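Structure record follows, encoded as structure tokens.
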Amino acid sequence: MAPDDGALLLDALRHGELDNSGAPELRLGTYEGPLDLLLELARAQRVDLAAISVVELAEAFGAAVERAIAGRRVPLSQMADWMVMAAWLLLLRSRLLLPPGSEADRAAQAEAAALRRRLADRAAVHAMASWLERRPQLGREIFGQGAPAPEPQPMPLADITELLRACLRLIALPMRQRVYRPNPPPLWRVPDALARIRGMLATLPGQGAPLAHFVPRSGNRARTPLQQRAALASTLVAALELGRDSVLTLEQTNAFQEIRLHGAASGSGIGAPGPPNAGTSRHVVPSTDAEVA
């Protein structure tokens with residue numbers, strides 16, 4: 001404020017035209033006092049603006065401005081502040097002219113809310129930009145490093161007591177329980193076939209019997225096809241063993257034909273001197289493929 005403006009304000013205060021705050025004195029129907037105090041009370045909702053007439057407020061303010069201009073005791077900058085205060089006061093009073101709940105009132109409130117939201121969003125954007133600007137930037141304040149060393153994997157949790165007990169149980173097992181022994185299926189074996197053939201040789205007829213006659217057809221070792229093939233193979237091997245020991249003879253007329261067994265004392269004539277019987281060929285079977293197949 002210039003020195004001349006201060007002198008003018010002091011002169012106006014001496015003549016009672018202004019309040020101590022430099023605002024004009026207003027005398028309205030329900031209020032008498034300075035303009036700035038009326039504005040503060042209106043903003044704090046401590047005075048009923050609806051009881052103040054807009055026309056009366058405008059006339060009182062206009063008269064105060066005219067007196068100040070005529071007396072030339074109030075600087076222009078101070079009167080500009082009066083105009084701002086009077087504009088705010090008229091704005092607050094004009095809002096009361098709108099009926100509550102009207103379309104214009106709702107539109108004004110919506111516009112004011114949208115303006116407040118935009119101002120709040122703008123403030124938030126500015127705050128975020130300032131925060132980002134204050135953050136340290138990679139390559140300028142801080143610099144990257146290599147990949148960190150991998151963290152060691154934790155050891156799996158285990159109960160030491162249970163581990164020792166399991167070791168003791170393993171040590172206490174006898175040797176026979178720790179050895180794996182496969183459980184083979186029950187099969188007709190060569191010793192069984194030798195015993196069966198020796199037992200049936202005494203009852204053989206003179207013309208002998210086919211090899212299949214000595215294979216067991218029932219029992220727990222001749223149920224499945226695998227067990228039956230194993231019994232046939234064991235019987236053939238046993239017959240060959242007995243033929244080698246001259247206990248019996250084997251006869252097969254042609255390849256892949258039926259094999260017949262004869263006792264050594266049956267008088268079949270196999271191996272005897274002289275020509276063989278007409279129409280037949282007797283010989284010891286050289287292979288076991290016919291019956292095994």
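Because the structure is a prediction, the values reported are computed rather than measured.
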Calculate, to the nearest 0.5 Å, the distance between atoms CG and CG belonging to L250 and L261 respectively.
4.5 Å
Would you mind reporting whether L38 and I52 have side-chain heavy atoms less than 4.5 Å apart?
yes
Which Ile, Leu, Val, Met, Phe, Trp or Tyr residues join L119 in one cluster when any pair of side-chain heavy atoms under 4.5 Å counts as a link?
L115
For Q109, the side-chain hydrogen bond (donor to acceptor under 3.5 Å, both in side chains) test, sequence neighbours excluded, returns D105
With sequence neighbours excluded, tell me which residues meet side-chain contact (heavy atoms from CB on, under 4.5 Å) with L92.
L39, A42, R43, L49, R95
Between atom CG of L242 and atom CZ of F214, what is the distance when rounded to the nearest 0.5 Å?
9.5 Å
P210 versus E258, closest heavy-atom pair with distance:
CB-OE2, 3.0 Å
Beyond-backbone contact of Y31 with L57, side-chain heavy atoms, under 4.5 angstrom:
no
List the atom of L204, the atom of G263, and the distance in Å for their closest heavy-atom pair.
CD1-N, 4.3 Å
Mind checking side-chain contact (heavy atoms from CB on, under 4.5 Å) for L226 and listing every partner two or more places apart, or none if nothing turns up?
T224, R229
Residues forming a salt bridge (Lys or Arg N to Asp or Glu O under 4.0 Å) with E66, sequence neighbours excluded:
none
Which pair of heavy atoms, one from A231 and one from V215, lies closest together, and at what distance?
CB-CG1, 3.9 Å
Checking S234 side chain against W188 main chain: does a donor-acceptor pair fall under 3.5 Å?
yes
For R67 and E25, the nearest pair of non-hydrogen atoms, with its separation, is NH2-O, 4.3 Å
Kindly give the cluster partners of L138, where membership spreads through any ILVMFWY side chain lying under 4.5 Å from a current member.
I142
Per the side-chain hydrogen bond (donor to acceptor under 3.5 Å, both in side chains) rule, what does the pair list look like for residues 237-248, sequence neighbours excluded?
E241-R244
CD of E40 to CG of L35: how many Å apart, nearest 0.5 Å?
10.5 Å
If hydrophobic residues (ILVMFWY) are linked whenever their side-chain heavy atoms come closer than 4.5 Å, directly or via other members, who joins L132 in its cluster?
M128, W131
Do you reckon L187 sits in the same ILVMFWY cluster as V237, going by side-chain contacts under 4.5 Å, direct or chained?
no
The criterion is side-chain hydrogen bond (donor to acceptor under 3.5 Å, both in side chains); which residues satisfy it with Q137, sequence neighbours excluded?
none
Pick from H262, Q207, R260: which one makes a side-chain hydrogen bond (donor to acceptor under 3.5 Å, both in side chains) with E251?
H262
So the salt bridge (charged side-chain N to carboxylate O under 4.0 Å, His left out) pairs with at least one residue in residues 108-120 (sequence neighbours excluded) are none
Between V84 and F61, is there a shared hydrophobic cluster once you connect ILVMFWY residues whose side-chain heavy atoms come closer than 4.5 Å?
yes
Filter on salt bridge (charged side-chain N to carboxylate O under 4.0 Å, His left out), then keep only pairs touching residues 188-204, sequence neighbours left out; what's left?
D192-R221
For the residue pair M85 and D36, what are the closest heavy atoms and their distance?
SD-CB, 3.5 Å
Please give me the minimum heavy-atom distance between P184 and P182, naming the atom from each residue.
CD-O, 3.1 Å
Got more than 12 heavy atoms from elsewhere within 6.0 Å of CD, E162?
yes
Are more than 12 heavy atoms, taken from residues, nucleotides or ligands other than M83, located less than 6.0 Å from that residue's CE atom?
no
Show, in sequence, the C-alpha distance, side-chain angles and deciding distance for V247 and I197, and conclude whether the side-chain contact (heavy atoms from CB on, under 4.5 Å) test is met.
CA-CA 10 Å; V247 177; I197 293 175; over 6 Å; no
How far does CD1 of I259 sit from CG of L240, to the nearest 0.5 angstrom?
7.5 Å
Inter-residue atom distance E59.CD - L28.CG, 0.5 Å rounding
10.5 Å
N/O donor-acceptor pair under 3.5 Å between Q252 side chain and Q257 backbone:
yes
Roughly how far, to the nearest 0.5 Å, is the CG atom of L91 from the OG atom of S94?
5.0 Å
Under the salt bridge (Lys or Arg N to Asp or Glu O under 4.0 Å) test, which residues partner R93, sequence neighbours left out?
none
With the side chain counted from C-beta on, respond yes when V74 and W82 share a heavy-atom pair under 4.5 Å apart, and no when they do not.
yes
